[in-house]
Amino acid sequence: MRTPLHLALLVAAVTSAVPGQPLSEQANSLHKEAFIFDAHVHFINRQLYLGGNIAERLPGPVSGIGVDLPTTREGGLDALFLNLYVEPEYTKRHLEVKQTLRLLELAHQQIRDNHADIEVALTAGDVERIHRAGKIAAVLDLEGAFDFDGDPDVLRSLHRLGLRSVQFADNAQANGYADSSCCAPKWNGINQRGRDLLREMNRLGMVVNLAHASQDAWMQIVELSEHPVVATHQGMRAFNPRHSGNASDEMLMALASKGGILAVHFSPNTWSPLFFNHYRNRPGSPDPLPPLSVDAGYEEIVNRYRLSYQKPGTVPPQEIVEPISRFVEVIDYAVRLLGEDHVSLGSDFGGGLNSRASMTSIAEYGRVTQALVDKGYPEERIRKILGGNLLRVFRQITEGAGR
């Protein structure tokens, strides 16, 4: 039985980039020159519920759920999977297709309104062209069950509308074709609809996102997929076995064996037991949102989430916030386990708690580069992790499919 590497690695964690301190000359130069491609950033949902424009700077470093273009620019990102999140309440009431279409339409509208700064990318070639033009390349990515029955006809329509990545499993329930890591299995992995859906995603050249998939679903998808698959914002059981969404070493090695990418999740919930236990054990919210009625329709669900997005973000107490050097040990574990060609980053900025590897804004992204430099990583390895690996696999998937 292999002894987990992280036990020794965590002890060896060293002090690195500190909030408020400028980057070193080496890290600053590297961060500016490297191609930075994040596999999971939340845009658009905030605008759907609260209005406004992604070009508007949100107030303060901690601003609730959502990120904006100015801070994304400050963070040095060149490309990102622009996440469209369909909350489970829509899926439970068979309203997820409507919500998906609304999010997609708003994403295209917001990007058109800001065409000087951001553009939709359908392929890796698009990503490179957009980058050369000095813009951010946005790959449209759907989180949440896009259709309760996994209908390939709906998938093809979404693909025509520019969607290029789909999270196969729902994060809150077993959907109509795949089991989620959150709950008891329904299909013991994926069913025939799931296999048909996977085949069609491969044919279309779409990214199959394994985040939140159950272990059986994960292993079956990896085995059956004709192309590499990506876990866009993924934690590891080696660091926090209590987090249901975290993947085992076996799952991760299977992913890498097919050429896939693990995008390490920035959220300390996935890698810091101290952080995870604090929020798991705290008492319930003193001001919970009103429950939905039994026959809740679309507008009632929208209004409920509008209230949620109006609530201020949760700022974690300082005593449970671990340094970014600890997060880099998580990255290092993945590199040692899978090899430097199979590790990338999925920050999940804009989603959930306002703490991402001790950072409270995507504008602080350079601190990751600084911490990797402090770790002693060679520049070529850092470039791969920051974006090179994800771009390579995105090219294999989108430009190597037999349509």
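Counting from 1, the numbers follow the sequence of the chain as shown. For clarity, every value in this text was computed on a predicted model and none was experimentally measured.
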* **Check: Glu300 side chain, Ser293 main-chain N or O, donor-acceptor pair, under 3.5 Å** => yes
* Got a second to check how far Glu96's CD is from Leu103's CG, nearest 0.5 Å? -> 12.0 Å
* To do: Using a 4.5 Å cut-off on heavy atoms from C-beta on, say whether the side chain of Pro268 contacts that of Val321.
  => no
* Option from Gln234, Glu143, Gln167 for which side-chain hydrogen bond (donor to acceptor under 3.5 Å, both in side chains) with His40 holds -> Glu143
* **Parallel, tilted or perpendicular: rings of Phe35 and His131 (30°, 60°)** => perpendicular
* Structure fact -> Across all chains, not counting sequence neighbours, the side-chain hydrogen bond (donor to acceptor under 3.5 Å, both in side chains) partners of Thr71 are Asp68
* Asked: Considering only heavy atoms from C-beta outward, does the side chain of Phe81 approach that of Asn209 to under 4.5 Å?
  -> no
* Spacing of Met219 atom CE and Glu223 atom CD [to the nearest 0.5 Å] -> 8.5 Å
* Tyr377 versus Glu340, side-chain donor and acceptor atoms under 3.5 Å -> no
* Asked: Parallel under 30°, tilted from 30 to 60°, perpendicular over 60°: which one fits the rings of Tyr309 and Tyr49?
  -> tilted
* **Donor-acceptor side-chain pairing of Tyr305 and Asn45 below 3.5 angstrom** => no
* **Distance-only donor-acceptor check, side chains Asn202 and Ser225, under 3.5 Å** => yes
* Structure fact -> Between Ser272 and the options His278, His243, Glu322, the side-chain hydrogen bond (donor to acceptor under 3.5 Å, both in side chains) test singles out Glu322
* Structure fact -> OG1 of Thr232 to CG of Leu80, rounded to nearest 0.5 Å, is 12.0 Å
* To do: Sequence neighbours left out, what passes side-chain hydrogen bond (donor to acceptor under 3.5 Å, both in side chains) with Asn188? Give chain and number order.
  => none
* Asked: Side chains of Ile301 and Leu95: does their closest heavy-atom pair fall under 4.5 Å?
  -> yes
* Assess the side chains of Ser267 and Asp348: does a donor N or O sit below 3.5 Å from an acceptor N or O? => no
* Can a salt bridge be assigned to the pair Arg129 and Glu119 using a cut-off of 4.0 Å between side-chain N and carboxylate O? -> yes
* What's the spacing between Asn53 CG and Gln110 CD if we round to 0.5 Å? -> 4.5 Å
* To do: Please tell me if the side chains of Tyr90 and Thr100 come closer than 4.5 Å, counting only heavy atoms from C-beta onward.
  => no
* State the CD-CD distance between Gln109 and Gln47, to the nearest 0.5 angstrom. => 10.5 Å
* Parallel, tilted or perpendicular, as decided by the 30° and 60° cut-offs, for the rings of Tyr365 and Phe266 -> tilted
* Any Lys/Arg nitrogen of Arg203 or Glu200 sitting under 4.0 Å from an Asp/Glu carboxylate oxygen of the other? -> yes
* Determine the interplanar angle of the Phe275 and Tyr279 rings, folded into 0 to 90°, and report it as parallel if under 30°, tilted if 30 to 60°, perpendicular if over 60°. => tilted
* To do: Classify the side-chain pair Arg392/Asn389 by whether it contains a donor and acceptor separated by less than 3.5 Å.
  => yes
* So, do Phe276 and Phe239 have ring centers that fall under 6.0 Å from each other? -> no
* Check whether any side-chain heavy atom of Phe146 lies under 4.5 Å from a side-chain heavy atom of Leu163, and answer yes or no. => no
* To do: Check whether any side-chain heavy atom of Val330 sits under 4.5 Å from a side-chain heavy atom of Met236, and report yes or no.
  => yes
* Supply the atom-to-atom distance Met253 CE to Leu262 CG, rounded to the nearest 0.5 angstrom. => 12.5 Å
* Using only heavy-atom distances, determine whether the side chains of Arg367 and Gln370 contain a donor-acceptor pair under 3.5 Å. => no
* Asked: Should Ile111 and Leu82 count as side-chain neighbours, where that means a heavy-atom distance under 4.5 Å?
  -> yes
* Donor-acceptor pair between Asp196 and Gln192 side chains, under 3.5 angstrom -> yes
